[in-house]
Structure formats: C-alpha cells, structure tokens
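First the structure, in the form of structure tokens, and then the observations on it.
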Amino acid sequence: MYNEKVLQHFKDPHNVGTMENPDGYGEVGSSECGDTMKMYIKVDDNKITDIKYQTYGCCAAIASSSIATDMALGKTIEEAQAMSKMDIVQELGGLPEKKIHCSLLAEDALKEAIKDYKSK
Ligand code: FES
C-alpha cells in the first residue's frame, strides 16, 4: 500500500517532539478521521530554523509530517507558507488516494504555526 520512502519516514520519522517557547504553534484536527497534529516552529531572520511536531495519526500522517518538516526547515516563512499537501505527497513519491487527506494535516498544522508566528 505504501512506497518505501513513506515506510522509511514512518519507521524513522524526523523532527518528532515538542519545543519550549516556540515562535509559532499550530494544532489541527482532521475532519475526515479525527486525527490531530501539533506543530512548533522557531523563526530567525524570517527563516524556519527549527521545527518539531507531534501527531496522533496514521502511517501516512506520520510520514507526511516527517517529510513536510524536513522540507520546511530552512525555508523562509513565505516559502513554507506556499507548501501544499500535493508538494508533500510528491516529495513522498505518492500516497494512496484515500490517504491524501492525511497529508493535509501536515500542511494545515504548518500553516497554523506560521499564522500564530505572524500574529505575535
Ligand atoms: Fe487520520 Fe491518516 S487516517 S491522518
């Protein structure tokens, strides 16, 4: 069902954890399955310098957040904000159609964290 890259990120996810005093924090839930994701970012000179997440979700959600946080690290706020779930899915080498919504959790959590950062 999942390709090798997805399974690798699921078995050994990157950037898992929490953060003390993040510059931005986002928490979202999926309307489709009820799973949730929390995302924390540190921003310096308009760039994401650290990023962590926790998810209570499936294999696809874990792999999506792992790769999405890898992708966002080092990006400017504008570049990170422009990332879509399809960019995440593409970077993973694809997800089964019924699992595409899981990648939306990562996109939405990142966007919420950026929104929180901008509101401060
Ligand atoms: Fe809920 Fe994948 S089924 S995030």
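Counting convention: from 1, in listed order, for ligands and their atoms alike.
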Would you mind telling me which of Lys52, Glu112, Glu27 makes a side chain to side chain contact (heavy atoms under 4.5 Å, CB included) with Lys38? Glu27

For Tyr25, which fellow cluster members are found when Ile, Leu, Val, Met, Phe, Trp and Tyr are connected by side-chain heavy-atom distances below 4.5 angstrom, either directly or through intermediates? Met19, Tyr40

Test item: Leu104 and Glu32 side chains (from C-beta on) under 4.5 Å apart, heavy atoms: no

Listing by chain and number, which protein N, O or S atoms are under 2.8 Å from atom 2 (Fe) of ligand 1? Cys58 SG, Cys102 SG

With sequence neighbours left out, the residues meeting salt bridge (charged side-chain N to carboxylate O under 4.0 Å, His left out) with Lys85 are none

Phe10: what forms a ring-ring contact (aromatic ring centres under 6.0 Å, His included) with it, not counting sequence neighbours? none

The single option from Glu107, Lys115, Lys118 passing side chain to side chain contact (heavy atoms under 4.5 Å, CB included) against Gln81: Lys118

